[in-house]
Amino acid sequence: MVNSQGLTHIHIAVRDLERSLKFYQEAFSMDVRYWDGPAMVFLNTPGSNDTITLRQAEEGEPVGPGGGIAHFGFRLRHKEDLESAIRHLVDAGGSLLERGEHPTGAYAYVSDPDGYVIEL
């Protein structure tokens with residue numbers, strides 16, 4: 001067993017780097033930590049240690065569903081904010097895919113502009 005502190009980052013290829021950067025900044029208030037050249041940016045949620053790396057996909061590179069990532073999740077600070085979070089993500093350029101209930105409460109799956117699935 002690996003003793004870890006949990007997920008540290010996710011790195012995704014995107015079709016339009018500026019569009020995806022705008023989405024994650026508007027949807028989750030993520031801050032740019034740093035750029036690694038003109039085609040890769042590292043973001044994190046204020047006050048946290050999470051990191052999402054957005055990289056401009058190369059020609060023909062898989063992006064979105066089927067690109068190797070089933071989904072990734074963000075835990076809301078307050079579960080009762082789910083509906084407002086969904087509206088905010090849709091307003092930022094995402095899409096609602098599914099919502100439902102599981103033993104720990106309500107959830108939703110939304111997608112970003114490239115079709116990556118995000119669980120709330």
Side-chain angles (χ1 to χ4, degrees):
M1 178 175 85
V2 174
N3 185 8
S4 75
Q5 293 182 344
L7 182 67
T8 59
H9 77 278
I10 186 165
H11 178 132
I12 58 177
V14 298
R15 285 187 189 94
D16 182 327
L17 184 59
E18 290 301 320
R19 178 185 70 179
S20 293
L21 175 59
K22 181 180 177 199
F23 173 81
Y24 284 96
Q25 287 178 315
E26 288 182 11
F28 295 103
S29 298
M30 298 189 97
D31 293 325
V32 172
R33 292 181 66 191
Y34 61 93
W35 285 82
D36 185 1
M40 189 180 319
V41 62
F42 292 76
L43 308 168
N44 79 308
T45 307
S48 75
N49 293 321
D50 63 1
T51 305
I52 292 181
T53 304
L54 305 175
R55 182 181 46 79
Q56 180 65 53
E58 295 179 17
E59 185 69 33
E61 182 177 3
V63 172
I69 298 172
H71 76 271
F72 53 96
F74 285 90
R75 178 173 290 125
L76 297 177
R77 290 188 191 271
H78 307 285
K79 292 180 181 183
E80 62 273 8
D81 291 344
L82 181 61
E83 292 305 316
S84 63
I86 292 168
R87 283 192 305 275
H88 187 72
L89 292 173
V90 169
D91 289 346
S95 300
L96 174 63
L97 302 175
E98 174 186 336
R99 67 174 93 216
E101 296 278 336
H102 51 62
T104 60
Y107 69 90
Y109 287 108
V110 298
S111 67
D112 78 355
D114 285 305
Y116 286 107
V117 179
I118 304 165
E119 182 179 359
L120 301 172

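Below, all heavy atoms of this structure are taken into account, side chains as well, without hydrogens, waters or symmetry copies. One-based numbering along the sequence shown.
Under a 4.5 Å side-chain heavy-atom cut-off, the cluster of Ile, Leu, Val, Met, Phe, Trp and Tyr residues that includes Y109 is completed by L97, Y107, V117.
Side-chain contact between L43 and L21: present, with at least one pair of heavy atoms (C-beta onward) separated by less than 4.5 Å. No side-chain heavy atom of I52 sits under 4.5 Å from any side-chain heavy atom of F28. Using a 4.5 Å cut-off on side-chain heavy atoms (C-beta onward), V90 and V110 make no contact. Contact annotation: the side chain of L120 approaches that of L89 to within less than 4.5 Å [non-hydrogen atoms, C-beta and beyond]. Looking at F72 and I118, their side chains come closer than 4.5 Å, going by heavy atoms from C-beta outward. Residues D16 and F23 are not in side-chain contact: their nearest non-hydrogen atoms beyond the backbone lie 4.5 Å or more apart.
For the salt bridge (charged side-chain N to carboxylate O under 4.0 Å, His left out) test, no residue two or more places apart in sequence or in another chain qualifies with D112. By the side-chain contact (heavy atoms from CB on, under 4.5 Å) test, A39 pairs with Q56, sequence neighbours left out.
Note on residues 25-34: pairs passing side chain to side chain donor-acceptor pair (under 3.5 Å), not counting sequence neighbours, are R33-T51. Listed by first then second residue, pairs satisfying salt bridge (Lys or Arg N to Asp or Glu O under 4.0 Å) with a partner in residues 54-63 read R55-E61, not counting sequence neighbours. Sorted by first then second residue, the side chain to side chain donor-acceptor pair (under 3.5 Å) pairs that include residues 82-91, not counting sequence neighbours, are E83-R99.
One hydrophobic cluster, built from ILVMFWY side chains closer than 4.5 Å, holds both Y24 and V32. There is no path of hydrophobic side-chain contacts, each under 4.5 Å, that joins Y116 to M40.
Under the 3.5 Å distance criterion, the side-chain polar atoms of D114 are matched with a main-chain donor or acceptor of R15.
Across M30 and P46, no two heavy atoms sit closer than the pair CA-CD, 4.4 Å. Closest of all the heavy-atom pairs between A13 and A57 is CB-CB, 4.0 Å. Closest approach of S48 and D50 over heavy atoms only: OG-OD1, 2.6 Å.
Summarising the geometry, atom CD1 belonging to I10 is positioned 4.0 Å from atom CD1 belonging to I69; distances are rounded to the nearest 0.5 Å.
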